[in-house]
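Just so it is clear: chains get the letters A, B, ... in the order the sequence lines come, proteins before strands, and each one is counted from 1.
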Amino acid sequence: MKDGIRRAIDAIRDRYEEPLSLDDLARSAMISKFHFLRTFRRVTGVTPGRFLSAVRIHEAKHLLSTTTLSVADISIQVGYGSLGTFTRRFTECVGLSPTAYRRVAQGEPLPEDGATHPLRDRPAGSLSGRIHAIPPAESPIFVGVFDSPVPRGRPVTSRLIEQPGPFRLTTVPAGRWHLLAAAVGPTADGHSVPSLLLGMSDELRITPGRHVQVELTIRTPDWRYPPLLSVLPGIERLRVAA
DNA sequence: GAATCAGAACTCCGCGCGCA
DNA sequence: TGCGCGCGGAGTTCTGATTC
């Protein structure tokens, strides 16, 4: 069954600029669309539509950072028929508008959030632990707290640590969160672009005044993981420059 | 003036759920 | 594993504001 899901993911990665429907993807997996939908979600953690959208936004990030194409041209190239939809989805997923992202990719500092995160005023707890890296990270390590196992937008809180080891986030709003760690990894044989090492915790429940500990290992994500879209303060520029 | 961003109103289909 | 159904959200179109 996983072979079918893998064929569908290959189809998404190869043909993201086409208007792929659920029926198209189920056909490429050679299973009924009803069973395909359930299995896809179990294997990847997201629905086929969200996976396709993530691949399109990820490709748009690449084009914004490596070409001088206009935002309108890029929206068309990655499969959006509407510039308005593209801009809205990009901003939701990445946490920056397309032109703001291009500026960051070209070396400008990451703009501060104008409005603070709506949940930052909640009573807070704290989070600490240790990050492991397999293979070794070749950049500082981004550690951030998101509200979903598929990070979107900006983290509720984050910090950068210089190397694998202990970390501490002293002000994490009360709630249910996922901890993401990411760093640039070594360049794989035959590739010019280094891999991105990722690790995502299970759901963490933060309560006011309480402390939570977590151990997390970052590694090269396998084929079933959708692209990471959130902008990563501290290592985004290193990823783009690589 | 061109490019970009964002809001409003609308359509349509993906998704979740329950059942067979 | 297949199917039906209703809802919500993704995408489209249009438009106006903003920036350069």
(Q) If I take atom CZ in residue A:Phe51 and atom C1' in nucleotide C:dG9, what distance separates them, rounded to the nearest angstrom? (A)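 From A:Phe51 CZ to C:dG9 C1': 20 Å.
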(Q) Using whole Å, what does the distance between atom C1' of nucleotide C:dT1 and atom CD1 of A:Ile5 come to? (A)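 After rounding, the gap between these two atoms is 14 Å.
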Q: For each nucleotide in nucleotides 15-20 of chain B, reading 5' to 3', give B when a protein heavy atom comes within less than 4.0 Å of its base, S when such contact involves only the sugar-phosphate, and - otherwise.
A: SS-B--
Q) So do the side chains of A:Val156 and A:Pro173 get within less than 4.5 Å of each other, counting heavy atoms only? A)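 In short, these two side chains touch, coming nearer than 4.5 Å.
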Set out, line by line, the N/O atom pairs under 3.5 Å between protein and nucleotides 2-6 of chain B.
{"from": "B:dT4", "atom 1": "OP1", "to": "A:Val71", "atom 2": "N", "distance (Å)": "3.2"}
{"from": "B:dT4", "atom 1": "O3'", "to": "A:Thr99", "atom 2": "OG1", "distance (Å)": "3.4"}
{"from": "B:dC5", "atom 1": "OP1", "to": "A:Ser97", "atom 2": "OG", "distance (Å)": "3.2"}
{"from": "B:dC5", "atom 1": "OP1", "to": "A:Thr99", "atom 2": "N", "distance (Å)": "2.9"}
{"from": "B:dC5", "atom 1": "OP1", "to": "A:Thr99", "atom 2": "OG1", "distance (Å)": "2.3"}

Taking atom [atom1] of [X] and atom [atom2] of [Y], what is their separation to the nearest 0.5 Å?
X        : Y        : atom1 : atom2 : value
A:Thr220 : A:Leu196 : OG1   : CG    : 8.5 Å
A:Phe167 : A:Arg130 : CZ    : CZ    : 10.5 Å
A:Leu127 : A:Leu169 : CG    : CG    : 5.5 Å
A:Lys61  : A:Ile74  : NZ    : CD1   : 13.0 Å
A:Ile161 : A:Phe142 : CD1   : CZ    : 11.5 Å

**Q.** Inter-end axis angle, the helix from B:dG1-C:dC20 to B:dA20-C:dT1, with every axis fitted to five base pairs (rounded, 10 degrees)
**A.**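 Both end axes considered, the difference amounts to 40°.
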Q: Might you work through the side-chain contact (heavy atoms from CB on, under 4.5 Å) test for A:Ile141 and A:Ile131, ending with a clear yes or no?
A: CA-CA 9 Å; A:Ile141 299 171; A:Ile131 304 294; 4.2 Å; yes
Q. Would a distance-only check, ignoring hydrogens and angles, find a side-chain to backbone donor-acceptor pair under 3.5 Å from A:His178 to A:Ser201?
A.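 Pair found, side chain donor or acceptor close to backbone of A:Ser201.
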(Q) More than 12 heavy atoms of other residues, nucleotides or ligands under 6.0 Å from CD of A:Glu215: yes or no? (A)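 Atom CD in A:Glu215 is packed in, count exceeds 12.
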Q: List the steps and the verdict of side-chain contact (heavy atoms from CB on, under 4.5 Å) for A:Thr157 and A:Thr171.
A: CA-CA 8 Å; A:Thr157 183; A:Thr171 310; 5.8 Å; no
